[in-house]
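Worksheet for the structure shown next.
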Amino acid sequence: VRHQDVRVAQALGLRIDAATALPDIILANVGDSGEDTALIFIEVVASDGPMNEVRKTQLLEYVKASGFPTKQCYFGTAFEDRADSAFRKALPTLAWGTFAWFRSEPKHILMLFDRPFPIVSA
């Protein structure tokens with residue numbers, strides 16, 4: 001944790017504690033108001049496990065304790081490639097409502113929807 005990271009986290013209401021099991025990356029998309037600010041929690045499979053249901057629940061509890069709105073949080077896992085064995089191994093354990101990002105395809109995101117997909121009739 002870098003010093004400027006602690007200041008930004010405190011401004012968002014997050015308590016950064018080295019003893020807390022935090023994800024590899026926390027991104028903050030800071031908007032003009034608190035309602036348009038989002039936190040993105042990312043696990044990198046090369047360093048640790050994927051964003052599974054247990055990990056997502058732990059991070060949601062961390063966010064709730066900070067008072068930050070959970071509806072403004074996103075969770076994902078970064079992988080090297082879709083064809084990589086690490087992705088194939090982790091896919092069955094990825095949490096619903098999260099995303100997967102691949103370094104080999106940086107402009108694309110794979111979403112695991114946790115609600116029914118809207119059907120649009122013609």
Side-chain angles (χ1 to χ4, degrees):
V1 177
R2 297 181 304 177
H3 179 67
Q4 63 267 35
D5 296 338
V6 172
R7 288 188 310 205
V8 171
Q10 287 173 341
L12 295 170
L14 299 177
R15 281 179 259 134
I16 302 292
D17 179 2
T20 305
L22 294 174
D24 296 312
I25 302 168
I26 302 175
L27 300 173
N29 185 15
V30 180
D32 294 327
S33 71
E35 293 177 2
D36 58 355
T37 296
L39 295 178
I40 302 124
F41 297 89
I42 302 172
E43 292 289 4
V44 179
V45 165
S47 65
D48 206 356
M51 188 65 70
N52 58 32
E53 291 293 340
V54 170
R55 189 71 178 116
K56 181 181 173 187
T57 300
Q58 290 171 338
L59 292 169
L60 280 169
E61 291 302 318
Y62 167 74
V63 169
K64 286 178 189 174
S66 73
F68 192 86
T70 57
K71 68 180 182 176
Q72 293 171 227
C73 295
Y74 302 90
F75 304 88
T77 306
F79 295 95
E80 179 64 31
D81 190 86
R82 284 189 289 161
D84 191 62
S85 63
F87 173 65
R88 290 194 314 268
K89 180 181 175 185
L91 181 58
T93 66
L94 293 177
W96 290 109
T98 68
F99 65 87
W101 177 85
F102 307 95
R103 190 178 72 81
S104 63
E105 301 174 273
K107 294 182 180 181
H108 302 281
I109 292 179
L110 174 73
M111 297 296 302
L112 290 112
F113 283 100
D114 58 352
R115 59 190 177 278
F117 192 75
I119 306 274
V120 179
S121 59

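A quick note: this is a predicted structure, and the numbers were derived from the prediction, not measured.
- How far CG of L27 is from CD1 of I42: 4.5 Å, rounded to the nearest 0.5 Å.
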(message) For a side-chain contact (heavy atoms from CB on, under 4.5 Å) check, start with the C-alpha distance between F102 and D84, then their side-chain angles and the critical distance, and finish with the verdict.
(response) CA-CA 10 Å; F102 307 95; D84 191 62; over 6 Å; no

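- Residues that satisfy the salt bridge (Lys or Arg N to Asp or Glu O under 4.0 Å) test with K89, not counting sequence neighbours, are absent from this structure.
- Smallest separation of non-hydrogen atoms from A100 and L94: CB-CD1, 4.5 Å.
- Among residues two or more places apart in sequence or in another chain, the side chain to side chain contact (heavy atoms under 4.5 Å, CB included) test is passed with T57 by none.
- Summarising the geometry of A95 relative to N52, their closest heavy-atom pair is CB-C, 3.5 Å, with the distance given to 0.1 Å.
- The nearest pair of heavy atoms linking Q72 to D36 is NE2-N, 4.4 Å.
- Contact detail for V45 and A86: the closest heavy-atom pair is CG1-CB, 3.7 Å.
- Scanning for side chain to side chain donor-acceptor pair (under 3.5 Å) contacts around Q58 gives R55, with sequence neighbours left out.
- Looking at E43 and P23, their side chains come closer than 4.5 Å, going by heavy atoms from C-beta outward.
- Using a 4.5 Å cut-off between side-chain heavy atoms of Ile, Leu, Val, Met, Phe, Trp and Tyr, with links allowed through other members, V54 and Y62 fall into different hydrophobic clusters.
- Linking ILVMFWY side-chain heavy atoms closer than 4.5 Å, directly or via other members, places I26 and V30 in two distinct hydrophobic clusters.
- In plain terms, the two heavy atoms of F68 and T37 that are nearest each other are CZ-O, 3.7 Å.
- We find that K64 and E61 are joined by a salt bridge, their nearest charged nitrogen and carboxylate oxygen being less than 4.0 Å apart.
- Residues that satisfy the side chain to side chain contact (heavy atoms under 4.5 Å, CB included) test with A65, not counting sequence neighbours, are absent from this structure.
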Let me have the donor-acceptor pairs involving side chains of residues 74-82, under 3.5 Å, with sequence neighbours excluded, atom names and distances please.
from	atom 1	to	atom 2	distance (Å)
T77	OG1	M51	N	2.8
E80	OE1	R103	NE	3.1
E80	OE2	R103	NE	3.2
E80	OE2	R103	NH2	2.5
D81	OD1	S104	OG	2.5
D81	OD2	A83	N	2.7
R82	NE	E105	OE1	2.8
R82	NH2	E105	OE2	3.0

(message) Working note: F41 + L22, criterion side-chain contact (heavy atoms from CB on, under 4.5 Å); need CA distance, chi angles, decisive distance, verdict.
(response) CA-CA 9 Å; F41 297 89; L22 294 174; 5.8 Å; no

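- A continuous path of hydrophobic side-chain contacts links I25 to W101 [ILVMFWY only; heavy atoms under 4.5 Å].
- Applying the side-chain hydrogen bond (donor to acceptor under 3.5 Å, both in side chains) test to residues at least two apart or on different chains, none of the pairs has a partner in residues 90-99.
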